[in-house]
Amino acid sequence: MANSMARSFLQVAATEEVASPLRVVQIEGLVILKIIKHCKEFSPALVTGQLLGLDVGSVLEVTNCFPFPTREEDEEIEADGANYQLEMMRCLREVNVDNNTVGWYQSTFLGSYQTVELIETFMNYQENIRRCVCIIYDPSRSNQGVLALKALKLSDSFMELYRTNSFTGEKLREKNLSWVDIFEEIPIKVSNSALISAFMTELESDSPVTQCDYDRLQLSTNPFMERNVEFLIECMDDLSVEQQKFQFYYRSLTRQQAQQQAWLQKRRAENMTRKAAGEEPLPEEDPTNPIFKPLPEPSRLDSYLITNQISNYCNQINGVAGQSFNRLHLMKALHDD
């Protein structure tokens, strides 16, 4: 009886350790307003901040946030920033506010956030936090009448490869990992209390048209399109440089294999001569020979990130161009009428 009870307890404990996958990031409206205010005040400079909340089942609740001080390349200032974060957490704990770290937020410019630094920050958070997200806000994209807010996390398969630092072609094919499998976008759900919802209803104007609706009708999209195309061209140049690295690697590998074959043929001919003379044959592999030293394969991480960024720029250009054509046809129809 005791053994059966012990086994059932262990089974229950094992089932509780299995975490359900993260499906929704629930953010309070006040937190979104804080993030937008902080990012727009310092735009086009990039800023970051801490996200606080609770991890409940498949939902990650973000109930509060606070901004990080502007960082500079100075160890003393970085130490002050760490002390600032600890002091903020202590103050929030004293006033009974959620002080559990669930991730961080950061601003971006035209969606250029897919960098190695973002991945390293994710890995640092993952060491202490089982599940964390990064909220990305783009003020330049929001000026087009769209709330450019998204929640990201790293995929489990990518984090496993990143810990081993093995981004070779063989490992990527083994894990079936492509450039679209680096980041996972989590749906965002905005939540407000009943009191705030009632207050927002009182503040809502009687006019059926808001300022956001007028922003969507702006016909001038040339600056936004030009910057996207400029960044896209830069990414294409960077991708070309990465491809040249792989071309050089494969040329060197082919040259090394040809040298190895020539050396083996020469050694085999020499061994045949030694056998005819009654001597012992020499080994067909010589570890001390530099032609048998394996060539290190370049990492494909940079090319994956650049490809991700190119896809992001193309999607933004496609979306803005399609909306611009719709607005132009609308204005043409109104002008004809």
Side-chain angles (χ1 to χ4, degrees), residues 22 25-53 55 60-74 77-78 80-82 84-86 88-89 92 98-129 131-144 146-155 158-159 162 182-188 190 227-228 231 235 301-302 304-306 308-309 311-313 315-316:
L22 182 60
V25 176
Q26 182 174 306
I27 310 179
E28 293 192 2
L30 182 60
V31 176
I32 295 181
L33 293 179
K34 288 182 179 180
I35 294 174
I36 294 175
K37 181 177 181 294
H38 183 212
C39 295
K40 283 192 172 183
E41 282 181 351
F42 291 88
S43 181
L46 303 182
V47 295
T48 60
Q50 191 81 57
L51 297 177
L52 307 174
D55 185 1
L60 191 67
E61 298 181 3
V62 181
T63 58
N64 201 355
C65 68
F66 63 87
F68 289 158
T70 305
R71 295 184 299 176
E72 297 180 5
E73 297 298 329
D74 191 344
I77 296 180
E78 291 184 359
D80 293 340
Y84 166 79
Q85 297 176 34
L86 295 175
M88 282 292 297
M89 301 283 282
L92 292 173
D98 291 337
N99 62 339
N100 300 316
T101 302
V102 295
W104 80 101
Y105 71 86
Q106 70 179 47
S107 62
T108 184
F109 183 66
L110 295 179
S112 55
Y113 58 86
Q114 299 181 4
T115 59
V116 178
E117 289 76 14
L118 178 63
I119 296 176
E120 291 177 350
T121 307
F122 260 117
M123 298 305 295
N124 292 333
Y125 270 83
Q126 287 286 341
E127 293 180 358
N128 301 317
I129 305 174
R131 292 196 300 189
C132 67
V133 295
C134 177
I135 304 296
I136 305 290
Y137 178 71
D138 191 348
S140 58
R141 186 77 176 89
S142 297
N143 292 334
Q144 304 295 322
V146 180
L147 181 59
L149 195 73
K150 60 176 61 178
L152 299 176
K153 66 180 290 290
L154 292 178
S155 63
F158 176 80
M159 286 191 294
Y162 190 85
I182 298 179
F183 296 100
E184 294 181 5
E185 185 172 354
I186 310 300
I188 293 179
V190 182
R227 298 306 299 272
N228 270 281
F231 288 167
C235 285
L301 177 59
D302 291 336
Y304 269 31
L305 291 176
I306 294 172
N308 250 317
Q309 200 62 62
S311 176
N312 189 25
Y313 289 140
N315 291 334
Q316 289 184 163

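One is the number of the first residue; the rest follow in order along the sequence.
- Ring geometry, Phe231 versus Tyr313: the interplanar angle falls from 30° to 60°, so the pair is classed tilted.
- Distance check, rounded to the nearest 0.5 Å: OG of Ser112 to CG of Leu46 gives 7.0 Å.
- When the side chain to side chain contact (heavy atoms under 4.5 Å, CB included) test is applied to Met159, the partners found at least two apart in sequence or on another chain are Met123, Gln126, Leu154, Asp156, Arg163.
- Across Val62 and Leu51, no two heavy atoms sit closer than the pair CG1-CD2, 4.0 Å.
- Screening residues 106-116 for salt bridge (charged side-chain N to carboxylate O under 4.0 Å, His left out), with sequence neighbours left out, gives no hits.
- Contact detail for Cys132 and Gly103: the closest heavy-atom pair is CB-CA, 4.1 Å.
- Rounded to the nearest 0.5 Å, atoms CD1 (Ile188) and CG (Leu149) are 4.0 Å apart.
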Please step through side chain to side chain contact (heavy atoms under 4.5 Å, CB included) for the pair Leu60 and Asp55, ending with a clear verdict. CA-CA 5 Å; Leu60 191 67; Asp55 185 1; 3.8 Å; yes
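- Closest approach of Ile119 and Leu301 over heavy atoms only: CD1-CD1, 4.1 Å.
- For the side chain to side chain contact (heavy atoms under 4.5 Å, CB included) test with Pro67, the passing option among Glu41, Gln50, His38 is His38; the others fail.
- Val25 and Ala151 get closest at one heavy-atom pair: CG2-CB, 4.0 Å.
- Side-chain contact check for Val47 versus Tyr137: every heavy-atom pair is 4.5 Å or farther apart.
- In this structure, SG on Cys235 lies 9.5 Å from CD on Gln114, to the nearest 0.5 angstrom.
- Aromatic ring orientation, Phe122 versus Phe183: tilted (interplanar angle from 30° to 60°).
- In this structure, Gln309 and Asn312 have side chains that are in contact, with non-hydrogen atoms separated by less than 4.5 Å.
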Evaluation steps, side chain to side chain contact (heavy atoms under 4.5 Å, CB included), between Leu52 and Thr101: CA-CA 5 Å; Leu52 307 174; Thr101 302; 4.1 Å; yes
